[in-house]
Amino acid sequence: MSFRSHMEAALQEARAAAARGEVPVGAVIVAPSGAVIARAGNRTRELNDPTAHAEVLAIRAACAAVGAERLPEHDLYVTLEPCPMCAAAIGFARIRRLYYGAADPKSGGVAQGARVFAHPQCHHVPEVYDGIGAEPSAALLREFFAARR
């Protein structure tokens, strides 16, 4: 089976989040069959919920779709490096592979900052692939924040 990136679907969710006034981060979860089974963009402001990050919302939707609290053999595509909260949720969900776009030096939890998957308390470490769609992901974030300054 050849690799097929689903980052464009995550970018669509990030653009939709920006249009709602949310920080433009989007995520999709892909089943072992290759089908996108969940998609989400940030909704922290809309829902008045600091945990309503794209990754958490996508994980919740995917778990509901499969009827289980874990998602082994599923892959997550997200436009920005997950924060520590989202990285922990990814581990708890047993996501197989994490693909992310832009690095997050300020709030990242995978390659930056907390490096959640490097801790011995982390019970599951997904395969991690960074830089997938990094430039369009970073550009979307730059444009969003430049418009607010």
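Throughout, residue positions are numbered sequentially from 1 according to the sequence presented.
Taking NZ from Lys106 and CD from Glu81, the interatomic distance works out to 14.0 Å, rounded to the nearest 0.5 Å. Between Gln12 atom CD and Met7 atom CE the span is 12.5 Å, to the nearest 0.5 Å.
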- Message: Using the rule given for side chain to side chain contact (heavy atoms under 4.5 Å, CB included), can you reason through Val78 versus His53, listing the C-alpha separation, both sets of side-chain angles and the distance that settles it, and then say yes or no?
- Response: CA-CA 11 Å; Val78 62; His53 290 198; over 6 Å; no
- Show the numbers, then the answer: is there a side chain to side chain contact (heavy atoms under 4.5 Å, CB included) between Arg43 and Asn48? CA-CA 8 Å; Arg43 291 186 180 274; Asn48 297 313; over 6 Å; no
- Task: Applying salt bridge (Lys or Arg N to Asp or Glu O under 4.0 Å), run through Glu46 and Arg20 and close with a yes or a no.
- Result: CA-CA 8 Å; Glu46 176 187 343; Arg20 293 190 302 272; 3.6 Å; yes
- Derivation and outcome, side chain to side chain contact (heavy atoms under 4.5 Å, CB included), residues Leu71 and Arg94: CA-CA 6 Å; Leu71 299 165; Arg94 305 298 195 262; over 6 Å; no
- Task: Please report the C-alpha distance between Leu76 and Ile95 in whole Å, then the side-chain angles of each, then the deciding distance to 0.1 Å, and finally whether the side chain to side chain contact (heavy atoms under 4.5 Å, CB included) criterion is met.
- Result: CA-CA 7 Å; Leu76 171 66; Ile95 296 288; 4.0 Å; yes
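When every heavy atom of Ala38 is checked against every heavy atom of Ala58, the shortest pair comes out as CB-O, 3.4 Å. Across Ala14 and Gly26, no two heavy atoms sit closer than the pair CB-N, 3.5 Å. Between Ala18 and Pro24 the shortest heavy-atom distance is CB-CB, 3.7 Å. Scanning both residues, Ala17 and Val23, for their nearest heavy atoms gives CB-O, 3.9 Å.
The backbone N or O of Ala114 lies less than 3.5 Å from a partner atom in the side chain of His119, making a donor-acceptor pair. Side chain of Asn42 to main chain of Ala54: a donor-acceptor pair is present (N/O by atom type, distance under 3.5 Å, no hydrogens or angles). Of the possible polar contacts, one joining the Ser137 side chain to the Thr79 backbone as a donor-acceptor pair under 3.5 Å is found. Judged by distance alone, with hydrogens and angles left aside, the side-chain atoms of Glu127 form no donor-acceptor pair with the main-chain N or O of Arg96 at under 3.5 Å. Under a 3.5 Å cut-off, the side chain of His74 and the backbone N or O of Pro72 do form a donor-acceptor pair. In terms of modelled atom types and a separation under 3.5 Å, the side chain of Glu55 and the main chain of Cys86 share no donor-acceptor contact. In this structure a side-chain-to-backbone donor-acceptor pair under 3.5 Å is missing from His123 to Gly91. Within the 3.5 Å criterion, the main-chain N or O of Val28 finds no donor-acceptor partner in the side chain of Glu13.
Under the 6.0 Å distance and 45° angle rule, Arg142 does not count as a cation-pi partner of Phe144.
Applying the under-4.5 Å side-chain rule to Ile, Leu, Val, Met, Phe, Trp and Tyr, the cluster around Val56 extends to Met85.
Both Val125 and Val110 belong to a common hydrophobic cluster when Ile, Leu, Val, Met, Phe, Trp and Tyr are linked at side-chain heavy-atom distances under 4.5 angstrom. A continuous path of hydrophobic side-chain contacts links Ile59 to Val25 [ILVMFWY only; heavy atoms under 4.5 Å]. Hydrophobic clustering (side-chain heavy atoms under 4.5 Å, transitive across Ile, Leu, Val, Met, Phe, Trp, Tyr) keeps Ile37 apart from Leu57. Note on Ile132: it clusters hydrophobically with Leu11, by side-chain heavy-atom contacts below 4.5 Å among ILVMFWY residues. Linking Ile, Leu, Val, Met, Phe, Trp and Tyr residues whenever their side-chain heavy atoms come within less than 4.5 Å places Leu80 and Tyr100 in a single cluster.
Residue Gln112 is tested with Ser107, Pro84, Pro105 for a side-chain contact (heavy atoms from CB on, under 4.5 Å); the sole match is Pro105.
By the 4.5 Å heavy-atom criterion applied to side chains, Ile90 and Phe117 are counted as neighbours.
Arg15 and Glu8 are joined by a salt bridge, as a carboxylate oxygen and a charged side-chain nitrogen come within less than 4.0 angstrom of each other.
Using bins of under 30°, 30° to 60° and over 60° for the plane-to-plane angle, the ring pair Tyr99/Tyr129 lands in the parallel bin.
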